[in-house]
Amino acid sequence: GSSASSSNSSAKGSEAASSGSSSADASGTLKDRFTMARPIDSDNLDPVTNQYKYDIWVLASICEGLVKIGDDGSTVEPCLAKSWDKSEDGLTWTFHLLPDIKFSDGTPVTGADWVFSFERAMKHDESIFYTYCKSIDSVEAPDDTTFVLHLKYVDPSILTNLCMCNMVVQSKAYYDKVGEDNYINGPVATGPYYIKDWKKGEYLLLAKNPYYRDTVNMNEIMLKVVSDAQTRELMLQSGEVDLITEVPFNNINDLNSQDGITALGLPAGQERYFIINHRHKPFDNEKVREAIRDAVDIPQIINVVLAGQGQEANTFIPNACMYWDDSVPYPKRDVEKAKELLKEAGYPNGFSFEYCIVSGDSVQEQIATIVKQQLAEVGITANIVVYENAAFRDKYANNGLDFYVGQWTIQSNDPTSIADYWFIYDQSDAYMSGYKNDQLTKLNELAKHELDDNKRAEYFKQMQETFYKDAVAIPIYWGTFPIAYSDKVKDFVQSPLGYYRFQYVKCYK
Amino acid sequence: MNRLSYIIRRLIQMIPVFFIVTVLVFVLIRCIPGDPALTMLGDRATHEMIEAYRQKIGYYDPLWLQYFIFLKDLLHFDLGSSLRYSEPVINLILERLPVTIGLTVSVVFFTVVIGFPLGFMAGKKRNKLPDYIIRIYSLFGLSAPQFWVGLMLLLMFGVKIKLFPVSNWGDTLPEHIMALILPGITQALGIMAVIIRNLRNNVVDISGTSYVTFARSKGLSEGRIDLRYIFRNALLPTTTILSLWIASLLGGCIIIETVFNLPGLGALMINSVLSRDYSVIQGGVLIFVITVLIINLITDIIYSMLDPRVTLN
Amino acid sequence: MSEYTLKNNNSEVLLSVKHLRKEFPIKQTIFDIIQKKEKKKLTAVDDVSIDIYKGENLGIVGESGCGKTTFAKSAIQLYKPNSGEVFFEGIDITKVSRRELRKLCRNFQMIFQDPFSSLNPRMSVRDVLSEALTVHKIVEKSKVNTKIANLIDMVGLNIDQLDRFPGEFSGGQQQRIGIARALALNPKLIIADEPVSALDVSIQAQIINLIKDLQERLGITFIFISHDLRVVRYVTTRVVVMYLGKIIETADTEKLYRNPLHPYTKILLESNPNLDPRKREKKSLIEGEPPSPIDLPKGCRFCKRCKYAMDICHEKEPDLKEIRPGHKAACFKL
Amino acid sequence: MDIRCSAVADTSAKSFIEKKKQNILIDTFILILKSKALVIGLIIIGIMLVLALFPSVFTKFDPNYIDGNAIMLSPCTTHWFGTDMYGRDLFSRVIYATRLDLFIGVSAMFVPFAIGTSLGLISGYYGGKVDALIMRIVDILMSFPYMVLCIMIVAIIGAGIKSLLIAMWLVDWKNYARLIRSEVMIVKNSDFIQAAKVMGFSDKRILLRHILPNVLSSALVYAASDIVVCMMASAGLSFLGIGVQPPTPEWGALIALGKTSLSKSWWQSFFPGIFLILSGFGFSLIGDGMSDLLRTRGR
Amino acid sequence: MENNILEVKNLKMHYVSKYETVKAINDISFSVKKGETFGLVGESGCGKSSVCKTLLQLLPPNAKFMGGSIKYKGKELIGLSNKELQKIRGREISMSFQELMTALNPVTKVKEQIYEQFIGLKMTKQEKYAKAVNLLKLVGIPSPEQRLEEYVHQFSGGMRQRIMIAIALAAQPSMLLADEPTTALDVTIQDQIIKLINSLKETLGMSIILVTHDLGVVSQMCDSIAVMYAGSIVETGDTLTIFSKPRHPYTEGLIRSMPKDDGSKDRLESIEGAPPNLNNLPKGCSFAERCKYATEICINQMPPLKEVGENHYSKCFHTDLLINSKGLIEL
Ligand SMILES: Nc1ncnc2c1ncn2[C@@H]1O[C@H](COP(=O)(O)OP(=O)(O)OP(=O)(O)O)[C@@H](O)[C@H]1O
Ligand SMILES: Nc1ncnc2c1ncn2[C@@H]1O[C@H](COP(=O)(O)OP(=O)(O)OP(=O)(O)O)[C@@H](O)[C@H]1O
Ligand SMILES: [Mg+2]
Ligand SMILES: [Mg+2]
């Protein structure tokens, strides 16, 4: 089920995501291959053990599960299961599968494949997706069109969880053939595309799954890896690629003004926060954190850094998610109040701290540049320190960071995982901020087991309010996926969760 | 000295250097903060996951043991496998080596084709207009940032005139060659400056030597003297400098590789350092060291063949 | 002249060189090492013994490359000799510590073969001289300038050339700077290694006169190396003829010039171009090149080019023996 | 010829010293003036130095001030070089960057120069084991990929100019050491060094007073162009995102920032680029001029 | 004159640089007869090599030709194009250089450097080889077949001198300019070279201009000589005359400063002072400053080259004072 609160964003999402559908002219002939450039390659296309968004986003076009998240990112839709029943106690779910489904290598999908796939997901407890299948006790496949889940406890988000990439059906025969070690090169599954060729760090080539049950437009999808943003733009301009991702925000308008190129920000379930390390002085003082919240000018950040392609955020839950609460106040600049708060906190003359950024992340760098000045206006000195990625992570893991910009990209529209990350202290030190609030931990636990939608909403509302009250972190904005593509491209869909839906895309000659 | 015995001696001399470099890389890479588990597992990793991962890759083994294992594998020509790509390091490197070598060849080609004639001309027309123009041009080449030049060339020849691809390593040799032209020119522009200046000075020096005058006294034609005496002899010291550059090109083309999006070794190495992919770094540095040492050896031998005065020892 | 002979024999020995040998190693290949081949070496000075008396002027002549410079340099420890002893006023300077040697050094100075390369191109004449004077505290600080002026004057240079650099002087002037530098330390022995070979006759005469004057006035002992036989005859009191690292003949200058014993010495003296255009020889007196000092032939070193060579010459090396009083030579024929 | 032992009066000799010393200075100055390259180079670097020392005299804008109303302005009368994406005045950023850039260039050159020269001297002069050791280290440094080392150092001490400098200090001396060593090997066998030995001078004196001045010139000339290379390297690091810490103005970083919108706002990388090239010119000209000068001074 | 193979008239040449003008050749005239060895004598730096290089127009870029004429076999060489000069150089007049350690290309085999002389002649490889071997034999290099394959650095100084002479003779020129062929060599090798050139001259019938400052060498080789001082010829005549009756103070000084062969230890007479700077020549006689006969006129006026005997000229106002000067040798 989906909540009403996310409907507005999903509507917007679907509109923008299916680009230029209005002018779908029948005159053009399709190219053989659709080429896009992205900055980073996938690392691991094992549906279970992968970790990066760049893996999951692609996997969405390769693998399918029982159900899937709709293209708007907010609804759960049937996929390989055409319907399902839930037992009275909510612990047994029976899925009725589509008949005659075949893997991309032509072998039929059997119950054994389903069982194998799920059991593998449940076995890999080091996978970052393990939480999504935590509630499943066991699975069985009485026949090739029925699949049954037995839960350990009632799980309100089980259907959304089943949309995750680790619970997709994969060919057991193929797995047995290549073995665990080579499985990161990708599974054989039932999605519209399969992996035809993968030169790591260079490109990933997908080809149409001939056994796919639905229409697929392009024969091949080429995902090139081009790390430099400028080079990506030049490639688009020269026509070498049809679409590029992660366009620098301040170039969107410029690209848009060029002939034959459209650039825009696709709505994304992505949020950036200023994350403050409560364990470091003076951030242990709530007033100081509030002062910072009052000192930053988020509209300016969105204007300068995102060229307007973003939305101010108010809480830790991205607005693409269920249970997002609009009533939580948005951070608003108030220099006087910030100064006042600082005085109350005992820092009338301000203080200085280390503002840590990861090298090579231009958005982080730009935000830092602006915030440095904004904070300076209330007397706080931010010393920007650039860490190279791994060093950053090391410092991050050892509580060494004072203050940094964190980013969360949702993989499902259920906010459970993000709430876990913030409020299960033992798991992640509350996003490494060191914030510890037992009450919130308890609330989160309750929300996890609550079947009643309204009650869940209430729990999440409370969490969001406390999050604001304690000034745990400062939400900045909900981002977009900045892309640019040639006008030859129609119907490119990337859901707000980032999933590519390559079966829709059309690229004309 | 006998060439063969010289080569053997040089190869033997390489062993300690090679050995020390392995130790150095091994220790250095493990000294720097950042641990592979954290980078590999990403933001959402829990403490347990990190722990499990570290166990898996032998993070807690004593350093000497890790090194020992590394050496042992090395004896079987096994450089280990990449943590990030889960692929044998040797495959990763061999896949990218052609690109890097191709790039180097392209750079050397353009340096030679453009730089040699210019340097020679500047030297011949010393303190005349062509000399000044060439020297100013070479200074420009020296002090213009590569990435800027690269992007400008791409804008001009990739987007506006569409003569070359912006980035298409491609699958066939002609495609590869096309992809290597602009990066070759860009990188050559910087090196050329050094080559031109060096060659110019050599030409000036050689033009004044008495063997050139003596050659003239023999009644040889100017063309022959330019080519056989001045150019040929001026080239000798320049080739040494060029070889030093070739060595550093093999490991240092990262900026060019990024701008032109070439899947070369530089990018692989940098990314591996960034993600603490230990075995790739070790393997990469190892291959690099061997290549550099061999290139040095080859240049020394070639040099000794070109210049009989140089003795190999 | 007989007066010189007398004087020498009565004087005390200043520098006594005993069985001096200097070899330069030749690099080996890896195969040579593996095959345990004997290390090759270039024998530049081979078992040379000679006494140098106080106040005399000893000439050393010989073909180029025969080891004259090497002998001189190893005698004063600029090259570490491989074996042999060198006594300077009774002290074995091959055995003293570096420190002590440094102190002893000021007693023997050298004038180098190439005047230009023997001067630091980046030090002015003043710097060169004042450094020598101050480091060894030859004179008080305040007197340094006076002393420099004296020295400069003594070698016939002009005081206003003091601040010039060696490159700005002619060869003869450079050579004089070298002499001034050597004189600065008040040495007892000066080794002059071909001090005039790079110069013109007119300048050569000035230097020769200067050397003679110095010897007479200050009583400095000289070792005078040259291949200009006329100059040697003019300047020296006793001559040593070297061939391939060995002394083959030694005698008082006039004795040797009037009556050379060794075949090589004879050829050498006759090779000296005659100043009279009417006396031209057609045929060269000597054929071939000297053998390489790396693979020395068995027997007499000169036998290959010697027209008097006998069988024994190819078998055994002749010793240097006294043929006449004060006249030694190494040849079986004598 | 008689030997004139005339005692030259102390005083006249002394007065001679002073006069001559002055003349040497003037001579050198005239020589410098005669070398066009040197003069032009010195003028360029002189202007740069003035900019570096008193940037505030030349611009009224704070280089780091973010002006939301002046984003991406093209060059105009108020903003001579235009503004960047934050609305900062580019002219003042370029001017203020001069100090840091000159510092980077000079210090990245100087320390390796000092280390390399000393080690090269020692290695060339003493030879043997010391030499073998130093040369092996040079070999190792030569064969170690430079950028990888750079990034490792960045990882250890954080991004920024500091790590760039340290990386250069650690690595770049090898060139100087090689250069100096090979020259020392030649010079140490020359007669004037033997003369110094026979004069009983200490090794220290021979090394510093006699050998060093004779081997320094080529290293000096190399150093002048090395400065440019160092400044370029810092630009490269900025490109890779591990250059100076924002918002510090630095030419390389300015160019790198500007390159994201090359076609739209050319001025962003153009002007800092011009300054970078200009200073490169300046230093290279000084290097060229110096080599000319040393050549005429030499023989 | 018919039998003059080379006539040089009023030759002037300066080296011009940014800082100074070196007046290396100041109005020099002389002629060389067929089959004669003509010596150019004078102390180092007086312009002897410059004269030779001017004859073949092989001057460095900073040299500036200031006038004069060079007639070779009646043909004017000044003003010839490069192409025409190339035909003269090596084929007609060839030169062996003073800088024997550096005048041969270090990186090509001796063989190739000799072969270069055969360019343009239609010769087969074998012919070239045979000729090269012959040449080396001629100059007395043992095992020439092997030596042809070697590089210059493998030869000793004396050998290099011979190779240079061999190259210079390869095209059988009518005239050889030998620039200090013996200066850097020791007496025995010097002796060999002297005898070699003398015999070659006879067998090949060449004319030779020999440059040296060694009077011993001059006496053994030259038929007539010109004594140079500071860029001009101060005395010229046949060897015997000049050696026995020098009529210029400088020549006299030179001769006097030679140590005698007879073992006498009389103080040598040296010429005081140093030669004038060629970039700042005095107005009058350039030797005046060092000359013991000098009077006012010498300082103010340039002396003319006066005939003082048969074929004997001296550039001095006071040749009369020297009428009884003692030479090196007694006639
Ligand atoms: N430093 C050195 N290393 C190796 N060999 C040397 C060295 N110095 C001299 N020799 C060799 O030792 C031999 C003697 O040389 P030395 O310079 O003593 O001769 P010389 O008699 O002084 O000759 P010349 O008259 O040319 O000065 C020569 O064969 C020379 O090649
Ligand atoms: N390229 C040049 N530029 C400037 N001056 C030169 C040049 N070549 C020679 N000179 C000067 O011209 C004068 C004559 O030189 P030249 O070489 O003809 O003398 P030389 O008589 O051959 O002397 P040496 O006996 O030393 O060979 C010298 O003073 C020399 O310094
Ligand atoms: Mg010698
Ligand atoms: Mg000459």
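Side-chain atoms are counted along with the backbone in the values below, which use heavy atoms only and exclude waters and symmetry mates. Here is how names work: the chains are called A, B, and so on, in the same order as the sequence lines, proteins then strands, and each is numbered from 1.
Residue Leu275(C) touches chain E through both its backbone and its side chain, counting heavy-atom pairs closer than 4.5 Å. In this structure, no portion of Glu270(C) lies under 4.5 Å from any heavy atom of chain E. Interface remark: Ser44(E) contributes backbone and side-chain atoms alike to the contact with chain C (heavy atom separation under 4.5 Å).
Residue Lys266(C) places its NZ atom among more than 12 non-hydrogen atoms of other residues, nucleotides or ligands, all under 6.0 Å distant. Crowding of Glu150(E) atom CD: a count of heavy atoms from other residues, nucleotides or ligands under 6.0 Å exceeding 12. Counting non-hydrogen atoms of neighbouring residues, nucleotides and ligands closer than 6.0 angstrom, the NZ atom of Lys292(E) exceeds 12 such neighbours. Enclosure of atom CZ in Phe24(C) by more than 12 non-hydrogen atoms of other residues, nucleotides or ligands within 6.0 angstrom is indicated.
No donor-acceptor pair closer than 3.5 Å links the side chain of Tyr234(C) to the backbone N or O of Met258(E). Here the side chain of Gln190(E) pairs no donor or acceptor atom with the backbone of Ser271(C) at under 3.5 angstrom. Judged by distance alone, the side chain of Asn209(C) and the main-chain N or O of Leu268(E) form a donor-acceptor pair under 3.5 Å.
At a threshold of 4.5 Å between non-hydrogen side-chain atoms, the residues Asn274(C) and Gln220(E) count as touching. With a 4.5 Å cut-off on side-chain heavy atoms, Asp213(C) and Arg267(E) count as touching.
Most heavy-atom pairs under 4.5 Å with chain E, from the set Glu63(C), His227(C), Arg233(C): that is Arg233(C). Per-residue heavy-atom pair counts under 4.5 Å with chain C were compared for Cys222(E), Gly157(E), Gly253(E), and the maximum is reached by Cys222(E).
Put simply, CD1 on Ile267(C) and CG on Asp191(E) are 10.0 Å apart, with the number rounded to the nearest 0.5 Å. In this structure, CG in Leu268(C) is found 8.0 Å from CG in Asp186(E), a value given to the nearest 0.5 Å.
Close approach to chain C, defined as a heavy atom under 4.5 Å from one of its heavy atoms, is seen in His213(E), Leu215(E), Gly216(E), Val217(E), Val218(E), Ser219(E) of residues 212-219 of chain E, taken by number.
The nearest pair of heavy atoms linking Pro259(E) to Gln204(C) is CD-NE2, 4.1 Å.
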